[in-house]
A.B. asks: 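Below you'll find the structure I mean.
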Amino acid sequence: MDRKQNGGQEYLLNISGLTVQYKTDDAIVHAVNDLDLKLGKGETVGLVGETGAGKTTLALSILRLLPERVGQIVSGSIQYDGDELLTLPEAEMLGLRGKRISMIFQDPMTSLDPTKTVGEQILEVLDLHFPEMTKAEKNKRVDEMMRLVGIMPERKGNFPHEFSGGMKQRIVIAMALVAEPELLLADEPTTALDVTIQAQILELMRQLKDQFNTSVVLITHDLGVVAEFCDSVSVVYSGRVVEYGTVEQLFKREENHPYTTGLFNCIPDLSDKQPRLRPIPGHMADPRIIQKGCCFADRCEYATDRCRAEQPRMYVRDGHGIMCFRYEGKEG
Amino acid sequence: MAWVKYALKRLLMLIPVIVCVTFFLFLILSYSSQNLAYQLLGEDATEAQIAAKEAEMGLDKPILVRYGEYMLGVVKMDFGKSWINGEDVLARFSNRLPNTLRLSALAMLFAISVGVPLGIGSAIKQYSLLDYGSMFVAMLLFSMPAFWLGTMCQILFCLTLHWLPTSGADSWMHFILPMLILGANTMATMIRMSRTSMLDVIRQDYIRTARAKGASSGKVILHHALRNSLIPVVTQIGVSFAGTIAGAVVTENIFAIPGVGTLLINAVKARDVPVVLGTVIFVAIIVGVINLIVDLFCAVIDPRIDLES
């Protein structure tokens with residue numbers, strides 16, 4: 001499944017066959033199943049899917065921050081810049097988190113420590129990863145970063161509760177980017193914000209991404225955000241990537257996985273004559289049960305007996321992969 | 001200096017509290033001490049003698065007048081004299097206070113310094129031996145009342161093993177057992193509170209954020225989780241301190257420590273109204289001040305608390 005757009009160049013992030021389970025008292029939840037994802041340097045990939053598809057679990061797996069005891073990476077590999085993250089000693093993971101890979105969480109209201117000033121919280125990243133910097137240098141860097149995200153450095157002595165939601169998310173972004181990481185995992189960074197603030201935050205992330213040449217995994221359920229922000233897209237369903245390709249390939253809407261088509265049909269279109277949106281019927285399969293066959297078969301209008309019995313593989317043409325039997329033999 | 005203003009406001013708010021407390025107490029006590037002069041003088045007293053004694057004690061005046069006179073005295077720091085032995089209430093109270101304060105402070109210190117680390121440790125190492133062990137201890141201490149536990153320990157450590165003195169307050173040895181008994185219940189509360197609080201905090205999003213920044217588990221606990229988890233614990237300390245002062249009444253009586261608790265019990269038994277009133281006023285003030293200190297401390301560790309509004 002080599003994507004040709006990257007040529008012979010090494011991937012920054014190469015996830016293959018990742019399987020993650022949550023073990024609870026009464027069941028095993030199959031959150032991520034045999035998932036593949038590749039990301040080149042400076043590239044931005046959108047991870048799209050509905051709630052519960054396993055997007056956040058994937059991001060937490062990369063940082064190895066799954067809830068202890070409960071969340072377990074069963075198999076697979078996460079290659080990051082030549083290192084296998086799943087077997088890396090915890091001490092080396094500490095040096096990676098926040099410095100080379102950082103993460104923006106969904107809810108800015110709860111992701112900042114209420115008892116520390118925002119300045120201290122940004123500074124903490126520098127304290128952790130750049131012991132060689134002097135105090136003055138670090139403070140200067142914090143001021144710079146705050147200015148970059150559009151918050152006056154004079155406010156660094158304020159506590160999180162003294163900021164609005166949008167401003168908190170700016171602080172979180174400042175915190176995530178102050179060490180100039182190579183990879184940013186943005187987990188629905190705009191979902192908790194209202195639409196005007198969403199646009200501002202996305203614009204800010206785009207600027208900073210270009211400035212620092214950061215690779216981004218943007219987790220979202222909003223196809224509009226993907227179209228605007230990403231180079232490539234992976235559509236996640238039931239813990240699997242069911243379709244991937246460049247934004248152009250997916251948004252052409254000529255060849256798509258039936259699930260992706262369903263997602264597109266859920267977006268209101270002003271030019272469309274169709275008076276009603278067409279939601280995807282049914283619900284996502286129960287993640288506690290391992291399914292035989294295609295994970296989308298129960299909700300798919302094209303499903304055949306074969307779909308219910310056999311797991312389709314990824315059919316790839318020109319770097320556009322679709323996990324559906326309808327594209328069998330159409331590979332190029 | 002927002003906190004000075006806040007502290008003054010809170011201290012002023014103590015005044016109506018004390019007025020209310022004393023008024024109800026005054027009412028109850030005066031109805032329950034109606035034949036007091038007769039009881040004090042004995043069966044042989046004549047009507048005239050009883051009337052004279054009542055006049056001396058001020059019992060012949062209407063209750064509201066007596067209350068007014070008493071409160072006027074309180075404002076002038078005159079809490080009256082004991083009806084039983086004529087001693088000055090203030091002098092007697094200040095004589096007893098150090099023992100009670102020492103006992104309560106020691107008990108709280110013991111409860112906090114053992115209970116909070118145990119609770120926090122149990123939360124960090126959830127489902128470990130430490131966790132199960134301290135939960136068991138907490139449950140045990142909760143279920144044993146101080147008067148029973150105190151008596152049992154007294155029998156074991158003082159009368160059978162002779163490790164510690166049975167009663168009195170002459171040396172620090174005398175305070176060891178009372179401190180443990182009085183602090184036991186609070187310690188159980190501290191274990192449970194700090195464990196629950198820490199368990200809640202380490203599941204918060206900002207803890208995950210801190211870990212995503214690259215902080216080790218130890219640093220995350222120390223820099224982020226600890227302070228946040230202590231906020232409800234400190235509030236609980238204020239409540240528990242008031243409970244400890246009240247509990248001192250029982251503990252002091254078990255170990256015959258001459259403190260405010262024994263003073264109060266004896267005064268109640270003897271219907272010595274001025275001593276009861278004076279003691280209750282002082283205890284109310286002490287509890288109020290301790291709660292104020294705790295609230296100020298809460299504002300120090302939790303920046304979201306705004307003392308001005």
Side-chain angles (χ1 to χ4, degrees), chain A residues 56 59-60 62-70 90-118 120-130 157-162 168 171-172 175-176 178-179 181 184-185 187 192, chain B residues 2-3 120-132 194 197-235 295-309:
Chain A
T56 303
L60 290 176
I62 297 172
L63 284 173
R64 292 228 319 252
L65 285 179
L66 288 168
E68 262 175 78
R69 287 164 188 279
V70 182
E90 176 65 15
E92 284 180 51
M93 276 311 289
L94 289 180
L96 216 77
R97 288 185 201 124
K99 186 181 186 187
R100 297 179 62 196
I101 308 177
S102 61
M103 184 156 176
I104 298 174
F105 293 98
Q106 180 170 354
D107 190 354
M109 295 302 177
T110 55
S111 51
L112 291 168
D113 184 339
T115 61
K116 282 195 157 24
T117 65
V118 296
E120 284 175 313
Q121 298 192 49
I122 302 173
L123 187 68
E124 190 187 5
V125 180
L126 299 176
D127 283 338
L128 284 166
H129 299 295
F130 301 94
N158 285 105
F159 289 95
H161 71 275
E162 296 168 295
K168 277 187 213 173
I171 306 266
V172 172
M175 219 161 69
V178 70
L184 178 66
L185 308 171
D187 184 8
Chain B
W3 72 270
I120 284 175
S122 315
I124 295 169
K125 297 254 174 280
Q126 202 189 0
Y127 306 123
S128 69
L129 201 64
L130 174 78
D131 186 22
Y132 288 121
S194 44
S197 174
M198 182 55 108
L199 281 179
D200 178 54
V201 165
I202 52 182
R203 290 189 171 88
Q204 294 294 314
D205 284 355
Y206 56 82
I207 295 299
R208 198 172 57 177
T209 309
R211 295 201 60 200
K213 284 199 238 176
S216 62
S217 328
K219 277 186 183 152
V220 170
I221 299 281
L222 205 65
H223 296 321
H224 297 279
L226 204 56
R227 185 161 160 190
N228 279 293
S229 69
L230 284 181
I231 294 167
V233 177
V234 170
T235 314
D295 285 352
L296 287 176
F297 193 66
C298 270
V300 171
I301 57 173
D302 187 356
R304 284 165 297 185
I305 294 176
D306 183 6
L307 292 180
E308 278 170 73
S309 59

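Remember, it's a predicted structure, so these values are computed and weren't measured experimentally. Throughout, a chain's letter reflects where its sequence line sits, starting with A, and its residues are numbered from 1.
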A.B. asks: With rounding to the nearest 0.5 Å, note down the distance linking CD1 in A/I122 to NZ in B/K213.
C.D. replies: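 Interatomic distance, A/I122 CD1 to B/K213 NZ, rounded to 0.5 Å: 8.5 Å.
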
A.B. asks: Go through the atoms of A/Q121 and report whether side chain, backbone, both or neither lie under 4.5 Å from a heavy atom of chain B.
C.D. replies: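 When you check distances to chain B, atoms from both the backbone and side chain of A/Q121 fall under 4.5 Å.
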
A.B. asks: Out of A/H129, A/R64, A/K99, A/Q106, which one racks up the most heavy-atom pairs below 4.5 Å with chain B?
C.D. replies: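 It is A/H129.
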
A.B. asks: Which residue out of A/E90, A/M109, A/R69, A/H161 racks up the most heavy-atom pairs below 4.5 Å with chain B?
C.D. replies: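 Maximum pair count with chain B is reached by A/H161.
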
A.B. asks: I want to check something: taking the side chain as every heavy atom from C-beta on, are B/T209 and A/M175 in contact at a cut-off of under 4.5 Å?
C.D. replies: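 The answer is yes, as the side chains (C-beta and beyond) meet within the 4.5 Å cut-off.
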
A.B. asks: Please classify the contact between B/I231 and chain A as side chain, backbone, both or neither, with a heavy-atom cut-off of under 4.5 Å.
C.D. replies: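 For B/I231, side-chain heavy atoms alone lie under 4.5 Å from chain A.
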
A.B. asks: Which bit of A/L112 is near chain B, if near means a heavy-atom gap under 4.5 Å: side chain, backbone, both or neither?
C.D. replies: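 The backbone, not the side chain.
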
A.B. asks: If you take all heavy atoms of B/A215 and A/E124, which pair is closest and at what distance?
C.D. replies: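 Closest approach of B/A215 to A/E124, heavy atoms only: CB-OE2, 4.2 Å.
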
A.B. asks: How many angstroms lie between atom CE of A/M93 and atom CZ of B/R211, to the nearest 0.5 angstrom?
C.D. replies: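 Nearest 0.5 Å value for the CE-CZ distance: 9.5 Å.
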
A.B. asks: Shorter than 4.5 Å, heavy atoms on both sides: which option in B/H224, B/Q204, B/K219 has the most such pairs with chain A?
C.D. replies: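 Result: the option with the highest number of such pairs is B/H224.
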
A.B. asks: Tell me whether A/F159 at atom CZ has more than 12 heavy atoms from other residues, nucleotides or ligands lying less than 6.0 Å away.
C.D. replies: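 Buried by this count: over 12 neighbours within 6.0 Å.
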
A.B. asks: Of all the heavy-atom pairs spanning B/D205 and A/S111, show the shortest one and how long it is.
C.D. replies: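 Reported closest heavy-atom pair: CB-CA, 4.1 Å.
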
A.B. asks: Any idea which heavy atoms bring B/P303 and A/P114 closest together, and the distance?
C.D. replies: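 Minimum heavy-atom contact is CG-O, 3.2 Å.
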
A.B. asks: Can you tell if the side chain of B/R208 reaches within under 4.5 Å of the side chain of A/L60, non-hydrogen atoms only?
C.D. replies: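 B/R208 reaches A/L60 side chain to side chain.
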
A.B. asks: Which pair of heavy atoms, one from B/I301 and one from A/T115, lies closest together, and at what distance?
C.D. replies: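 It is O-CG2, 3.7 Å.
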
